[in-house]
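Heads up: the structure comes next, in structure tokens.
Residue numbers begin at 1 in each chain, while the letters A, B, ... track the order of the sequences.
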Amino acid sequence: MDIPKTYDPQQAEERHYARWEAQHCFAPKINRDPHAPVYSIVIPPPNVTGSLHMGHALQHTIMDVLTRYHRMRGYRTLWLPGEDHAGISTQIQVEKQLRKEGLTRHDLGREKFVERVWQWREEYGGQIIKQMRREGASVDWSRRRFTMDENLSRAVREFFVRMYEKGLIYHGEGMINWCPKDQTALSDLEVEKEAQSGQLYYLQYPVKGGGRRVTVATTRPETMLGDTAVAVNPNDERYRDLVGATIELPLTNREIPLIADEYVDPEFGTGAVKITPAHDPNDYEVGLRHNLPQVEVIDAHARMTEDAGAEFAGLDRYEAREKVVAKFAELGLLEKAVNYEFSISKCGRCRTVIEPLVSTQWFLKQAELGRSALELIKEKHEPRFVPEVPYEKVFTNWLENLHDWTLSRQLWWGHRIPAWYDEAGNVYVARNEDEARAQAGTNQLTQDPDVLDTWFSSALWPISTLGWPDATQDLKTFYPTSVLVTGRDIIFLWVSRMMMTGLEFVGEKAFDDVFITGTIFDKHGQRMSKSKGNGVDPLDVFDKYGVDATRLVLAQMESTDTRWNDTQVEAYRNFANKIWNAARFCLLNSEGATVGQGFEGEPATWALHERWIMSRLNQTAQKVGDAIENYRFHEAVQTIYHFFWDDFCDWYIELSKTDVTAADATTERAAARSRVLTVLEQALRLLHPFMPFITEELWLQLPGVGVSQLHPAYRDAEPTVMLAAYPQARAELIDERAEAEMQSVIELISRVRSIRSELGIKPGEEIELLVGPARNGQSGVFTPGVMAQVMRMTRASKFSVKEAMTPDVVPRASARAALAGGVEVAVPLGGLIDFAQERERLRREQEKLHTESERLAAQLSNQNFVERAPAEKVTELRQRVADIAQRTHALEQMQEALTAE
RNA sequence: AGGCUCGUAGCUCAGGGGUAGAGCACUACCUUGACACGGUAGGGGUCUGCGGUUCAAAUCCGCACGAGCCUACCA
């Protein structure tokens, strides 16, 4: 058999994914058990314009681990893939494309433009979804969904109409966030606050009659052109006499009132605030309270309007700012300008500074819709957030403070608002135009030109992908979904809204659990971003280290923010190679062997290392299954890693080598080989959810694997490790005594190796071992079989068990060590030994024990400890003290023996 | 302005009331027939600081300092 010494991930990855997909292993229907429990996940739909980044890879890894684990446990498992239509982003992409042809969307017209967008999606869209094959994501491709699919669009209209009928959606005027670049309204959540250092300008406004001036402070002087009042706090003594006065607004020929409103904080600035109801959310509210006119001085392109005055009309808002400030300075009305830190709102997509504008839009009263979600989280703690702290609280706080959601977007790509207007401007909201006509009693209707926020359709994702508004079998089977895995940035934007729609329309929560992943930063702790160019491309990492290794790193991050570091991936690449070579050893020595055999009969009849590895394996299975089910992926990964490398490779394979590599093809050799293969096969199953490719690559090569290893639910399927039963711990094979005994064997071997190393005995040089005293129970572990193993592992040519380790049996020129449980070991060294050096070595050993013993003694002499600590704790410490005393005594004797001439 | 998270070995991170852990890096030795992407043996930490609770604190509670995140209409 020819197996390369180094694992090549790439060639395995493609082959197996294609095969799994062809055999429909990812679809729930592969499960033939009609009573199988259900496990379902819907993917957070990535933006159709995007490509895979580390955040996706992280989320997908966790979803895939959960999916593969539950599938192997026999669940009817669905992981549903798809993407959203990303209204603004997609439209921008396509417009960019058109611009290269010298066209705008208006040249094409709406219908042709939308056609172009669909074309674009076919050609360039859904990159991430395609890249998921590379990740090994076991998604059901037959159920791939897109928010613009016909049924999902129908769900959107249904959502809209029902909310309108309930009075939760309304059409009206409000202060909205407007992006002057993208030319659309945005919801609060699509706006990002950014710290800004700028200036606070103190402007003086003359009071009509009497020559007084009122000073107002502002960061946006250009908006003064649209001021319709100056406000002060009604209790502010400084201005009390001026309330009701008239201000002559500079640079305009308008006169505005000085009003009193509680909103004004007398402590801040000058205590007098300019009020621009058309361009500031707070001023808008003040304006409504005082019936102030709204003077629009900035237009949708963030340029000054005619109403700003002839001098300013047409200027950009920032040019206007400079000019206003200059004019005030000229007039002697600029009191001062001071440096000032404040925050500005930017478009989450294009980073353009938002312009607050008064506009007529569609809104959803989220507060009412969110009430049942709020009750559920507060009363039943559902869904269960992982980690619970701090996300349950964050989520609850959000639901308690819901504002109306601006739904309409001035775009062409998206779900068009199902509202029609007649010639008189009356609005009819309906599921389709025919219904609207019926309502209106006329055919002369025009549909609202706007589309809905992309998140409006995403809000329905768990139910619409499963068939809602129809009561489909999928909806019945897979809803509520088992878990939602996502990043913390969209808890409000998305998670909360899915909870709301699920409860509203299906009457059940959208998911049992919500797992929030951490954020991956670059190695300097900076957030990865395209603009900074510091992103690590997961595909590059896959190429360099393999998908399995990358997944292992991602899985163990759990919810912790982490700086990306290639060395971790390299470590797991090395682990993959270790697995490969362990399997290589097993396969190169597999003649006559069969997986699943070799462990016949009573465990009591097995050799110590067999009982031990089976105990370790079952402990591991227990711990790993438990860890995965509780989202403790780090623990799961560490546990398997440790089992595979330390227990299986370093000890079990090494201890089995003599039997496995025996020259003669005896039944004993075949049995030993089968046992090693059996443990390997179980380990591969344990690893599979994390490392799907290498486990499949190796598993298929093991002699004797087939349908009998598959979970009973998949009996009709082709053999594959992904449908094998996930190992369940067998309690009867967990053997504490075997583990303790093995521990003393390991200790003996380690101590002898230590002696070799510390005394500089050449690796090739053979030594002799004396172990005793034999009357002590512990040394009974050293059966002839174990002795042979110890000799092999320490390169010893002789191993004698002695009744007593007295000077007459142990040569003076020996290196010695005192082990736990009273066992002593001596390595006779003849003339090679340096007596002084060996004495020093023993003395250091004794010193270590002494330090520990001192600490224990202090603890045990504390009355309070003995009385109040749990009895078992006290007993444990006493035993340790006794053991240390015994070893210390042994060390003393050894030193004496060395000294005796 | 509130709220939250984090501070553990040189680096990246686990852990979490009762002998400080991993990977990488480091030191020495080893081309031993699975693996040098390896093996064996080692070195390295008053778990940010100060108080408190406790028989016992890296772990729980305050406070301070440092890093970061989120919410909020303060001109």
Q: Report yes if at least one side-chain N or O of A:Arg573 is closer than 4.0 Å to OP1 or OP2 of B:C37; otherwise report no.
A: no
Q.
Mind checking if A:Arg753 touches a base, just sugar-phosphate, or nothing, with heavy atoms under 4.0 Å?
A. sugar-phosphate
(Q) Here's a test of your reading of the structure: between A:Thr6 and A:Val866, which maps to the more 5' nucleotide of RNA chain B? (A) A:Thr6
Q: Determine, for A:Arg573 against A:Glu570, whether the closest basic-nitrogen to carboxylate-oxygen distance falls under 4.0 angstrom.
A: yes
**Q.** Side chain of A:Ser750 (C-beta onward), nearest among B:A34, B:A22, B:A41
**A.** B:A41
Q. By ring pair (Phe, Tyr, Trp, His ring centres under 6.0 Å), which residues pair with A:Tyr7, not counting sequence neighbours?
A. A:Trp580
Q. Base, sugar-phosphate, or nothing: which does A:Thr661 touch, judged by heavy atoms less than 4.0 Å apart?
A. nothing
**Q.** Parallel, tilted or perpendicular: ring planes of A:Trp645 versus A:Phe575, cut at 30 and 60 degrees
**A.** parallel
(Q) Using a 4.0 Å heavy-atom cut-off, does A:Ser754 contact any base of the nucleic acid, only the sugar-phosphate backbone, or nothing at all? (A) sugar-phosphate
Q.
Short of 4.0 Å, heavy atom to strand atom, which residues of residues 870-882 of chain A count as contacting RNA chain B?
A. A:Pro870, A:Lys873, A:Arg880
Q. With a 4.0 Å cut-off on heavy atoms, is A:Gln568 in touch with a base, just the backbone sugar-phosphate, or nothing at all?
A. sugar-phosphate
Q.
What I want to find out is whether A:Arg488 reaches A:Asp561 closely enough, with some N-O distance under 4.0 Å, to be called a salt bridge.
A. yes
Q) Under the 3.5 Å rule, do the base of B:C35 and the side chain of A:Lys578 count as making a donor-acceptor pair? A) yes
Q. For RNA chain B, which ranges pair as stems of 3 or more consecutive Watson-Crick or G-U pairs, with both donor-acceptor distances under 3.5 Å?
A. B:1-7 with B:65-71, B:10-13 with B:21-24, B:26-30 with B:38-42, B:48-52 with B:60-64
Atom pairs under 3.5 Å, N or O on each side, protein against nucleotides 4-9 of chain B: can you list them with distances?
none

Taking N or O atoms only and anything under 3.5 Å, show me the protein contacts with nucleotides 73-75 of chain B, one pair per line.
{"unit_1": "B:C73", "atom_1": "O4'", "unit_2": "A:Asn282", "atom_2": "OD1", "d": "3.4"}
{"unit_1": "B:C73", "atom_1": "O2'", "unit_2": "A:Asn282", "atom_2": "ND2", "d": "2.4"}
{"unit_1": "B:C73", "atom_1": "N1", "unit_2": "A:Asn282", "atom_2": "OD1", "d": "3.2"}
{"unit_1": "B:C73", "atom_1": "O2", "unit_2": "A:Asn282", "atom_2": "OD1", "d": "3.1"}
{"unit_1": "B:C74", "atom_1": "N3", "unit_2": "A:Asp265", "atom_2": "OD2", "d": "2.9"}
{"unit_1": "B:A75", "atom_1": "OP2", "unit_2": "A:Tyr340", "atom_2": "OH", "d": "2.9"}
{"unit_1": "B:A75", "atom_1": "O2'", "unit_2": "A:Ala217", "atom_2": "O", "d": "2.5"}
{"unit_1": "B:A75", "atom_1": "N6", "unit_2": "A:Asp265", "atom_2": "O", "d": "2.5"}
{"unit_1": "B:A75", "atom_1": "N6", "unit_2": "A:Phe268", "atom_2": "O", "d": "3.1"}
{"unit_1": "B:A75", "atom_1": "N1", "unit_2": "A:Asp265", "atom_2": "N", "d": "3.3"}

Q. Just to confirm, is there a sub-4.0 Å distance from OP1 or OP2 of B:G39 to any side-chain nitrogen or oxygen of A:Trp645?
A. yes
Would you tabulate the nitrogen or oxygen pairs shorter than 3.5 Å linking the protein to nucleotides 27-30 of chain B?
none

Q. Looking across every strand, which nucleic acid part, if any, lies under 4.0 Å from A:Lys848 by heavy atom: base, sugar-phosphate, or nothing?
A. nothing
Q) Between B:C26 and B:C63, how far is it from one C1' atom to the other, in whole Å? A) 39 Å
Q) Which part of the nucleic acid does A:Cys649 contact within heavy-atom distance under 4.0 Å: base, sugar-phosphate only, or nothing? A) base
Q. Is a side-chain donor-acceptor pair under 3.5 Å present for A:Asp227 with A:Thr276?
A. yes
Q.
Assess, by modelled atom type and distance only, whether the side chains of A:Gln743 and A:Glu747 contain a donor and an acceptor separated by less than 3.5 Å.
A. no
Q: Indicate yes or no: does A:Arg632 engage A:Asp626 in a salt bridge with an N to O separation below 4.0 Å.
A: yes
